[in-house]
Amino acid sequence: MERWPAVAWILLISLITYWFETVHSRDFTVQDIIYLYPSTTPYPGGFKCFTCERATDNYECNRWAPDVYCPRETRYCYSQHIMDSSGESASVIKRCAALEDCLSTGCRESSRNGQKVCTSCCEGNICNMALPRNETDAIFATTSPLNHSEGPSVHIATLLSCLFLPWLLRT
């Protein structure tokens, strides 16, 4: 009977030493965090866009788009849709974009065989699912104001002093 506790201790110690051998100390990378916690973003406000270069249509683009987060310096999802003279898709480009890339949205006629080129931008996670086909679709849709100026600013201290001044004057 006294033999089993000794065997149990030996097995326990060998298990602990094996565990220490397999543990490697290193810092987590952004890829490790995304892999372990797929619902988290690599940085605050991180988002994804459908991304493709020269796909033949929207289905092909969205189906094979890589599932990666946009770079930190981008804020919008960009879509460019080139249609032939009959309105059929000839080429689709979708990607993450900075503000400068989104300032010229809309549709225009191309000099190549009567093609029409429509571009749009949107703000939000995978918001570029649909393609722009006309002036109604080819817009720059944002959820926040482009200029970060807010209305008249009121300081908290000023507001509180206005609220509590009458009370302070009474005492």
Side-chain angles (χ1 to χ4, degrees), residues 19 21-159:
W19 180 73
E21 290 174 2
T22 60
V23 174
H24 299 286
S25 173
R26 72 176 178 98
D27 291 331
F28 276 98
T29 64
V30 171
Q31 288 79 16
D32 292 332
I33 294 169
I34 294 170
Y35 177 75
L36 293 172
Y37 306 100
S39 63
T40 61
T41 61
Y43 56 90
F47 66 100
K48 296 177 181 182
C49 297
F50 283 106
T51 306
C52 63
E53 285 291 324
R54 308 270 185 244
T56 55
D57 61 15
N58 197 39
Y59 177 78
E60 180 185 331
C61 178
N62 291 350
R63 182 175 182 207
W64 300 110
D67 191 21
V68 294
Y69 282 95
C70 291
R72 188 180 292 246
E73 63 273 2
T74 62
R75 187 171 167 193
Y76 306 102
C77 296
Y78 172 89
S79 298
Q80 182 185 66
H81 185 203
I82 300 174
M83 295 164 279
D84 61 19
S85 58
S86 64
E88 295 296 318
S89 293
S91 177
V92 174
I93 297 172
K94 292 185 180 184
R95 60 182 165 80
C96 305
L99 175 64
E100 299 79 36
D101 300 328
C102 294
L103 295 178
S104 61
T105 58
C107 293
R108 62 180 170 75
E109 295 296 324
S110 175
S111 59
R112 293 186 4 184
N113 301 330
Q115 290 181 329
K116 183 178 178 181
V117 179
C118 292
T119 59
S120 66
C121 283
C122 56
E123 182 179 22
N125 198 35
I126 57 171
C127 61
N128 63 338
M129 184 179 296
L131 284 178
R133 296 187 169 278
N134 53 40
E135 288 296 333
T136 306
D137 302 318
I139 59 171
F140 185 10
T142 64
T143 58
S144 58
L146 290 179
N147 62 358
H148 293 289
S149 64
E150 297 170 11
S153 67
V154 177
H155 294 282
I156 301 279
T158 307
L159 181 62

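No experiment lies behind these values; they were computed from the predicted model shown.
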Practice item. Determine whether Leu99 and Phe140 make a side-chain contact, defined as any pair of heavy atoms from C-beta on separated by less than 4.5 Å. Key: yes
Point to revise | Side chain to side chain, Lys48 and Val68, heavy atoms closer than 4.5 Å | key: no
Is the distance between the SG atoms of [X] and [Y] less than 2.5 Å?
X	Y	answer
Cys61	Cys52	yes
Cys121	Cys102	yes
Cys118	Cys107	yes

Distance, nearest 0.5 Å, that separates [atom1] of [X] from [atom2] of [Y]:
X	Y	atom1	atom2	answer
Cys77	Ile126	SG	CD1	8.5 Å
Ser86	Gln115	OG	CD	10.5 Å
Asp57	His81	CG	NE2	8.0 Å
Cys122	Tyr78	SG	OH	12.5 Å
Asp67	Thr51	CG	OG1	9.5 Å
Cys96	Tyr76	SG	OH	13.0 Å

Practice item. If a pair satisfies side-chain hydrogen bond (donor to acceptor under 3.5 Å, both in side chains) and one of its residues is in residues 122-138, list it, with sequence neighbours excluded. Key: Arg75-Glu123, Glu123-Thr143, Glu123-Ser144
Review point. What side-chain hydrogen bond (donor to acceptor under 3.5 Å, both in side chains) pairs are there with at least one residue in residues 97-108, not counting sequence neighbours?
Key: Arg95-Asp101
Review point. Under 6.0 Å between ring centres, would you say that holds for Tyr69 and Tyr43?
Key: no
Check your understanding: If you take all heavy atoms of Pro132 and Ala138, which pair is closest and at what distance?
Key -> CB-CA, 3.8 Å
Practice item. Take Ile93 and Arg54, measure what side chain to side chain contact (heavy atoms under 4.5 Å, CB included) needs, and give me the verdict at the end. Key: CA-CA 5 Å; Ile93 297 172; Arg54 308 270 185 244; 2.9 Å; yes
